[in-house]
Each structure stands twice: as C-alpha cells, then as structure tokens.
**Q** 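Pasting in a structure now, in structure tokens, and then I'll have a few things to ask.
For this chain, numbers begin at 1 and follow the sequence in order.
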Amino acid sequence: MKTTFFLTVAILLLSVTGSVSSQEVASKNTTVKQGETTIMCTPDLYELTSKWVSEYNNLNPGNAIKVISASYNNLAFGTAENLSFISTKSQTAINNQDSWKMVVGREIVVPIINAGNPFLSEIEKKGVSRDEFIQIFNSQDKQEWGTLIPGSRTASIHLFVVNDESVKANMEKFLQQNEIPVSGISFGSKDDVISAVQKDHYAIGFCKVADIMVPGNQNLAENIRMLPIDKNGNGTIDYMEAIYADANVFLRGVWIGKYPKTLYSNIYAVSKAAPVNETELAFLNWVLTDGQQYMVPNGFSELAGSESQAQLSKINTVVISEAPVDVASHAGLILLVIALVIISGLIVSALVRKHRKQKIEVPGFSMPLESFSEESVDLPQGLYFDKSHTWAFMEKDGNISIG
C-alpha cells in the first residue's frame with residue numbers, strides 16, 4: 001500500500017516538472033523587438049556623425065540609427081539616456097561630472113614648415129617655444145628666422161594660418177591672445193595654406209593635422225614637416241618631446257600629454273551612464289575601429305592604435321554579478337530532484353525487505369557454530385598452533401619455522 005502511494009506521488013511530481021519545463025522553454029523563445037536608436041551630436045560633428053551612421057547602417061541593415069543635431073549647450077548632452085557625440089565647445093556636457101564620457105577622436109592644430117627649410121636640422125633639435133611663437137606673431141620686427149635660430153643668416157618668416165574658427169580658437173589659447181594679430185600674417189583656406197608652405201622654404205603655417213594627412217594612410221602631404229614645439233621651453237627638444245617624425249607617434253604623444261593642450265580639442269561620446277544598449281555598444285566598437293578611417297576626410301584626427309584599444313577595453317569590460325535566485329524559474333529542477341530521491345528510497349526499501357525474507361541454505365552441508373579454541377582449529381599436516389605464536393611448521397630435516 002505504501003509503495004503504491006509513493007509511486008503515485010512520484011508520477012505526479014514528474015508530470016508537474018515537465019509542465020514547468022515546457023513553460024520555461026516557451027518563455028525563452030519569446031522575442032522582443034527593439035526600437036529605433038537615436039544619436040545626438042553638436043553642429044560641428046554633424047557631418048562626421050552622419051557619415052558614421054550611414055556607413056554603419058549600410059554594414060548592418062538590421063539596425064536603425066538616426067542622427068539629431070542640437071545646439072552646443074543643449075542640456076540633454078550627458079544627461080539623456082541616448083548616446084551623443086560632442087566637441088569641447090559644448091561646455092555644459094564636458095563639465096557635467098555625473099555624465100559618462102569617452103574620447104573617440106580629436107581636432108589638433110599643428111605648426112608646419114617646408115621640408116626644404118635651410119634651418120630644418122636646427123629646428124628639429126631645439127624646437128620653437130610658445131614664447132617664441134608669441135614674439136613672431138605679436139611683432140613684425142621679430143618675424144625673421146634669427147629670432148628662432150640665433151646666429152643664423154637673416155631671412156624673413158612668412159606666416160600662414162588656415163581661416164577656420166577651430167584653428168583660430170586653439171591658436172588664441174596657445175598664444176594667450178583674445179584675437180590673433182593680423183600684421184604680417186596671411187589667412188586662407190587649408191588648401192591655400194598648405195600649398196603656400198609647400199612652395200616657400202621660409203614659411204610657417206598653422207592648420208589641422210587632418211589637413212596634412214594623406215587619406216588612407218599615416219603619411220604627411222608632400223614637402224611638409226611638422227614643426228616641433230619646445231613644450232617646456234628649455235631650448236631643446238628633449239627625448240620626451242620628440243614626437244614629430246611619425247604621425248602615429250605624434251597622435252600617441254598628444255594622448256599621453258606631450259603636446260600643448262591648448263592646441264587640440266577632444267571629440268567625446270557622452271551619455272547619462274555607461275552604455276548598455278547592444279546597438280549603441282556595437283556602434284561605439286565600430287567607431288573606435290573601422291569608423292576611425294572617416295576622421296581625416298572630415299577634418300579630424302583619429303586616435304592612435306594604442307588609445308583605441310584602451311578605449312575599447314572600457315566599453316567591453318565584462319561585469320560579473322550574481323543575480324538573485326528566482327525560485328519560480330527553478331521550481332521544475334527542485335521537483336525533479338525530490339522525485340528522484342523518493343524513487344531511489346522506494347527501490348532501496350524494496351530490496352532490503354526482499355533480502356530479509358531470504359534464507360541462506362546450502363543443500364547437503366551443515367556447519368555448526370563453535371567458539372574459537374585449540375580444539376576447534378583444524379590444521380594441515382606439519383603445521384602446529386600454539387598460544388605464544390601464530391604458527392609453527394616442521395621442515396623435513398626437523399627444523400621448525402615459527403611465525
């Protein structure tokens with residue numbers, strides 16, 4: 001009767017387990033469609049951001065990302081849930097300590113000279129300090145190479161500046177001026193300035209690094225060199241300041257602080273908190289890798305390879321957390337374990353009862369139970385037993401081996 005009762009309970013538990021498991025599978029197969037992802041940006045980044053989104057959507061047709069341009073001081077930057085791309089012109093977002101932000105690119109202003117400049121070797125050794133730049137920009141009398149290379153023959157310095165608001169804004173900070181002086185200085189488009197420096201051995205120009213980069217590689221425009229800046233003003237380009245020979249080394253030097261901060265501005269990805277949306281994370285990963293190729297064509301500098309990897313590690317960090325146990329979702333497993341325990345108990349109980357009913361009987365043989373004594377021990381011929389040792393055996397020669 002008891003066996004029948006336990007078997008019935010076990011069958012019922014197994015049926016309930018199967019029902020719960022089926023419900024779990026059904027819930028896992030339910031899909032939830034995601035809505036359209038919106039990305040905001042400052043006006044100066046609209047073309048770049050639109051290019052990113054366009055190329056990314058073409059590569060990932062299943063994604064629907066839309067770009068919205070907003071004013072520089074829009075309070076939504078850094079406080080909204082959606083991802084935004086901003087420049088340092090958006091002071092509200094940059095100064096918001098509670099928002100999440102990450103550098104994805106830069107706008108770098110750099111002085112350039114002609115590769116055939118007769119003073120090139122001396123300039124690469126000593127560089128030009130900020131104070132020296134201030135002198136030649138503020139006074140036409142100082143606009144000669146003798147100001148920068150003492151003892152050199154007299155030759156005029158021809159100054160050119162790209163007529164771009166970002167370039168001029170960074171130069172004003174670098175020169176500590178409210179406005180760039182105009183005496184003896186020529187302003188023009190980036191193409192005009194670069195062309196002038198390429199043709200003039202005694203020219204110095206100011207432009208964006210992106211303006212002198214050859215699209216598709218890290219090479220500089222023909223006949224152009226970056227003019228080294230003596231950042232600490234000690235009259236020489238120290239080992240820590242030697243970042244101008246190679247474009248990738250230069251970009252890394254900017255990242256780690258070897259270049260004057262007043263001559264560049266960052267491009268940030270910002271949001272209220274670190275992105276968790278899968279579409280936004282995938283898009284950011286792409287921006288930091290394949291998307292970097294669109295920086296230079298849009299007038300910005302890409303990140304050095306090491307910086308890109310460092311930024312990727314920030315958004316790809318795996319956070320391991322222990323989720324609270326959902327008793328309802330584990331109900332099937334619990335009931336299955338209980339059922340298995342009951343069935344195992346029934347089987348063991350039945351085997352024990354059957355064993356007790358059986359008697360051990362050997363036909364034709366009976367062994368009386370006797371106590372252990374000298375008389376009860378039946379020893380083979382030649383083997384003796386004594387209380388003082390375990391055994392004794394007499395060899396053929398009469399010797400006795402005792403153990």
Side-chain angles (χ1 to χ4, degrees), residues 40-52 67 69-74 77 84-95 101-112 130 133-134 137 159-182 185-197 204-215 220-221 224 226-227 229 244 247 250-251 253-255 257 259-270 287 291-304 307:
M40 298 175 61
C41 69
T42 49
D44 57 330
L45 299 179
Y46 182 73
E47 290 187 10
L48 173 62
T49 307
S50 296
K51 183 63 176 178
W52 276 339
V67 182
S69 178
S71 63
Y72 289 107
N73 292 317
N74 192 314
F77 289 132
S84 303
F85 290 101
I86 66 171
S87 62
T88 50
K89 295 177 183 178
S90 181
Q91 295 299 322
T92 302
I94 298 300
N95 296 329
K101 49 184 171 283
M102 180 180 70
V103 176
V104 296
R106 289 191 175 86
E107 195 171 31
I108 309 172
V109 177
V110 64
I112 58 174
R130 183 180 64 178
F133 275 119
I134 291 175
F137 269 88
L159 295 174
F160 298 89
V161 176
V162 173
N163 193 19
D164 178 270
E165 292 302 320
S166 296
V167 173
K168 291 190 290 186
N170 283 108
M171 285 191 63
E172 287 166 1
K173 289 186 291 184
F174 176 66
L175 299 173
Q176 298 178 329
Q177 304 282 336
N178 293 326
E179 188 175 322
I180 298 177
V182 296
I185 301 170
S186 299
F187 294 87
S189 68
K190 63 179 181 180
D191 293 333
D192 291 339
V193 170
I194 293 171
S195 177
V197 176
I204 294 178
F206 275 82
C207 62
K208 296 180 184 179
V209 171
D211 297 337
I212 59 173
M213 297 292 292
V214 178
L220 300 183
I224 293 293
M226 288 185 284
L227 193 159
I229 297 178
Y244 299 91
F250 174 76
L251 295 177
V254 174
W255 170 37
Y259 194 70
K261 292 183 178 180
T262 51
L263 283 176
Y264 70 87
S265 55
N266 294 326
I267 299 173
Y268 294 94
V270 301
V287 165
Q292 291 288 296
Q293 63 183 302
Y294 301 107
M295 286 287 192
V296 171
N298 286 276
F300 302 97
S301 298
E302 58 189 271
L303 302 180
E307 185 177 8

**Q** Using 0.5 Å steps for rounding, measure from the OG atom of Ser166 to the CD1 atom of Ile108.
**A** 12.5 Å

**Q** Quick one: are Met213 and Leu220 in side-chain contact, heavy atoms under 4.5 Å?
**A** yes

**Q** Do Glu302 and Val296 have side-chain heavy atoms sitting under 4.5 Å apart?
**A** yes

**Q** Which distance, rounded to the nearest 0.5 Å, do you find between the CZ of Phe85 and the NZ of Lys101?
**A** 15.5 Å

**Q** Less than 4.5 Å apart, side chain to side chain, heavy atoms only: is that true for Ile267 and Glu107?
**A** no

**Q** Side chains of residues 259-266: which donor-acceptor partners sit under 3.5 Å, not counting sequence neighbours?
**A**
| from | atom 1 | to | atom 2 | distance (Å) |
| --- | --- | --- | --- | --- |
| Tyr259 | OH | Val109 | O | 2.7 |
| Asn266 | OD1 | Arg106 | NE | 2.8 |
| Asn266 | ND2 | Tyr268 | OH | 3.1 |

**Q** Any chance you could measure Ile194, atom CD1, to Cys207, atom SG, to the nearest 0.5 Å?
**A** 5.0 Å

**Q** What's the shortest heavy-atom distance between Gly299 and Ala210, and which atoms?
**A** C-CB, 3.5 Å

**Q** If we only count heavy atoms from C-beta on, is the Phe160 to Asp192 side-chain gap below 4.5 Å?
**A** no

**Q** Rounded to the nearest 0.5 Å, what's the gap from CD1 on Ile86 to OG1 on Thr49? Could you check?
**A** 11.0 Å

**Q** Are side-chain heavy atoms of Glu172 and Asn178 found at a separation under 4.5 Å?
**A** no

**Q** Side chains of Glu307 and Val103, heavy atoms from C-beta outward: is any pair under 4.5 Å?
**A** yes

**Q** Show the nearest heavy-atom pair for residues Ser87 and Thr42, with the distance to one decimal.
**A** N-OG1, 3.5 Å

**Q** Would one find more than 12 heavy atoms of other residues, nucleotides or ligands at under 6.0 Å from atom OH of Tyr46?
**A** no

**Q** With under 30° as parallel and over 60° as perpendicular, where do the rings of Tyr244 and Phe250 fit, or are they tilted in between?
**A** tilted

**Q** Indicate the atoms forming the closest heavy-atom contact of Met295 with Gly105, along with that distance.
**A** CE-CA, 3.5 Å

**Q** Considering non-hydrogen atoms only, spot the tightest contact between Ile204 and Val197 and give its length.
**A** C-CG2, 4.5 Å

**Q** Within a strict 4.5 Å, meaning less than it, do heavy atoms of the Ile112 and Asp211 side chains meet?
**A** no

**Q** Nearest 0.5 angstrom please: Trp52 CH2 to Cys41 SG, how far?
**A** 10.0 Å

**Q** Could you grab the distance from atom CG of Leu175 to atom NZ of Lys173, nearest 0.5 Å is fine?
**A** 12.0 Å

**Q** Of the non-hydrogen atoms in Val193 and Gly188, which two are nearest, and what is the gap between them?
**A** CG2-O, 3.9 Å

**Q** Could you check, using the six-membered ring where one of them is a Trp, whether Phe206 and Phe137 have ring centers closer than 6.0 angstrom?
**A** yes

**Q** Which of these, Asp164, Val162, Val161, sits in a side-chain contact (heavy atoms from CB on, under 4.5 Å) with Phe187?
**A** Val161

**Q** Hey, is the main chain of Leu303 close enough, under 3.5 Å, to the side chain of Gln292 for a donor-acceptor pair?
**A** yes

**Q** For Leu251 and Ser301, which heavy atoms make the closest approach, and how far apart are they?
**A** CD2-CB, 4.1 Å

**Q** Side-chain donor-acceptor pair under 3.5 Å between Ser189 and Asp191, yes or no?
**A** no

